[in-house]
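Since the model is a prediction, treat every value here as computed from it, not as a measurement.
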Amino acid sequence: MLGPVILAASRSDRMRRLISAAPVTKQVVDRFIPGETVADIVPVIEDLTARGLELTMDVVGEDITTPGQAGAARDAYLELIAHLERLRLGEKVEVSVKLSMFGQALEGGHELALANVRPVVEAAAAIGTTVTLDAEDHTTLDSMFAIHEELRKDFPQTGCVIQAYLFRTGEDARRLAAAGSRVRLVKGAYKEPAEVAYQDKREIDKAYVRILKTLMEGEGYPMVGSHDPRLISIAQELAHRAGRKPAEYEFQMLYGIRGDEHLRLAAEGHRMRVYTAYGTDWYGYFMRRLAEKPANLRFFLRSMVSKG
């Protein structure tokens, strides 16, 4: 049950300072976050797309405390999209955003986040790509879904993320499994109370399968966000039963985790998208990656021992 402990640590300034100061941390962080700037990340984008993979790009950072910082986050995404345009990779690389980066938690945050994310969605559409709104903790979801609905009026390809461990998600999936929708299903990576979310891994896995079945049988475009071999196999079976062709759904996995599986799925003709993050404010993202899988934490601890 280390996951909840790690997630709690992701909110701790003291743990942030301690882990950031460890000499080995950067070497381990680089496994999950392969760069701090757009210039750093361009070779990664070119390499992965050349291997037959698609990407979704995330500029990491969540601790936004001023409207100016939210505007800077918007500009960072616009810079990324400008690079994708120059690389002519709009059809291969989409963009993922967290509305917390666009000021969602500030006073008047719903309107501020919508105002900041809209130009990003517009710029993405102009180069032939899409934007997916990442899910964050459960208190932000009503705002996220409302912004998603508003953006889809002009940009119907705008996607969103739903999290299997939340009790509400079955109903959200039924609502979202409509023609033209793009929905990424993940297990969930935030510390949520028992009043709103399953706490047991087996219950989360069962919920994931139920919700994925809803998405596969719906009229939208499911995006299967999982590294679990069993769930990947189930997803393929559900897609087959629903009569879906490989181009009518996709798999998504994180950069730095199961890279061989990324290539295997792509070689078999599946759409395989790698969630690739970059930026300097990596701490929260990194800690959630450790919390998701014990193997990630073991990798970090072994590195601490061997390099420290």
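Inspection of the Asp40 and Tyr278 side chains reveals no N or O donor paired with an N or O acceptor under 3.5 Å. No hydrogens or angles considered: a donor-acceptor pair under 3.5 Å links the side chains of Arg184 and Ser96.
Atom CE of Met223 and atom CD of Glu94 lie 6.0 Å apart (nearest 0.5 Å). With rounding to the nearest 0.5 Å, the separation of CD in Glu171 from CD1 in Ile211 is 11.5 Å. Distance check: Glu91 CD to Thr130 OG1 gives 11.5 Å after rounding to the nearest 0.5 Å. Put simply, CZ on Arg258 and OG on Ser226 are 8.5 Å apart, with the number rounded to the nearest 0.5 Å. Note that the CG atom of Leu166 and the CG atom of Asp137 stand 9.5 Å from one another [nearest 0.5 Å]. From Met216, atom CE reaches atom CD1 of Ile234 across 11.0 Å, with rounding to the nearest 0.5 Å.
Each of Met101, Gln104, Met144 was evaluated against Glu136; a single residue qualifies, Gln104, per the side chain to side chain contact (heavy atoms under 4.5 Å, CB included) test. When Arg271, His227, Gln236 are each tested for a side chain to side chain contact (heavy atoms under 4.5 Å, CB included) with Phe251, only one passes: Gln236.
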Exercise. Yes or no on side chain to side chain donor-acceptor pair (under 3.5 Å) for Asp134 and Tyr275, after CA distance, side-chain angles and deciding distance?
Worked result: CA-CA 11 Å; Asp134 278 338; Tyr275 190 108; 2.5 Å; yes
Note to self: I'd like to know whether Thr49 forms a side chain to side chain donor-acceptor pair (under 3.5 Å) with Glu54, so could you lay out the CA-CA distance, the side-chain angles of the two residues, the decisive distance to 0.1 Å, and finally the verdict.
What the structure shows: CA-CA 6 Å; Thr49 54; Glu54 298 180 52; over 6 Å; no
Self-check item: Steps toward side chain to side chain contact (heavy atoms under 4.5 Å, CB included) verdict (Ile204, Tyr208)
Solution: CA-CA 6 Å; Ile204 296 171; Tyr208 193 102; 5.5 Å; no
- Query: Are Val95 and Thr56 close enough, and set up right, to give a side chain to side chain contact (heavy atoms under 4.5 Å, CB included), and what steps lead you there?
  - Reply: CA-CA 5 Å; Val95 175; Thr56 183; 5.6 Å; no
key: Chi angles and distances behind the side chain to side chain donor-acceptor pair (under 3.5 Å) call for Thr65, Gln69   = CA-CA 7 Å; Thr65 58; Gln69 290 174 330; 2.9 Å; yes
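Relative to the ring axis of Tyr221, Arg244 does not place its NZ or CZ within 45° and under 6.0 Å from the centre.
Looking at every heavy atom in both residues, Gln157 comes nearest to Ala125 through NE2-CB, 3.7 Å. Between Ala189 and Tyr165, the closest heavy-atom pair is N-OH, 3.6 Å. Minimum interatomic distance between Ala124 and Ile81 (heavy atoms only, all atoms of both residues): N-CD1, 3.9 Å. Contact record, Val59 with Tyr77: N-OH, 3.0 Å, taken as the closest heavy-atom pair. Across every non-hydrogen atom of Gly35 and Ile41, the tightest pair is N-CD1, 4.3 Å. Closest of all the heavy-atom pairs between Thr158 and Arg182 is C-NH1, 4.0 Å.
A donor-acceptor contact shorter than 3.5 Å links the side chain of Gln199 to the backbone of Glu192. A donor-acceptor contact shorter than 3.5 Å is absent between the side chain of Thr129 and the backbone of Ile127. The backbone N or O of Phe102 sits less than 3.5 Å from a side-chain atom of Asn116, completing a donor-acceptor pair.
With respect to Lys187 and Asp228, a salt bridge is recorded, a charged nitrogen being found less than 4.0 Å from a carboxylate O. Taking a cutoff of 4.0 Å between a charged side-chain nitrogen and a carboxylate oxygen, Arg175 and Asp172 qualify as a salt bridge. A salt bridge links Glu250 to Arg273: one of the charged nitrogens lies within less than 4.0 Å of a carboxylate oxygen. Remark: Arg264 does not engage Asp260 in a salt bridge, criterion side-chain N to carboxylate O under 4.0 Å. Of the charged side-chain nitrogens involved, at least one lies within less than 4.0 Å of a carboxylate oxygen, so that Glu203 and Lys206 count as a salt-bridged pair. Between Glu85 and Arg88 there is no salt bridge, since no side-chain N of the basic residue sits under 4.0 Å from a carboxylate O of the acidic one.
By the rule that hydrophobic residues join a cluster once side-chain heavy atoms approach within less than 4.5 Å of another member, Val161 and Val121 end up as members of separate clusters. Both Leu238 and Met272 are assigned to one and the same hydrophobic cluster, defined by single-linkage of ILVMFWY side chains at heavy-atom distances under 4.5 Å. A continuous path of Ile, Leu, Val, Met, Phe, Trp and Tyr side chains, each step under 4.5 Å between heavy atoms, connects Ile232 with Leu185, placing both in one hydrophobic cluster.
The number of heavy-atom neighbours closer than 6.0 Å to CD of Glu107, taken from other residues, nucleotides and ligands shown, is 12 or below.
Put simply, the side chain of Val131 does not reach to within 4.5 Å of the side chain of Leu151, judged on heavy atoms.
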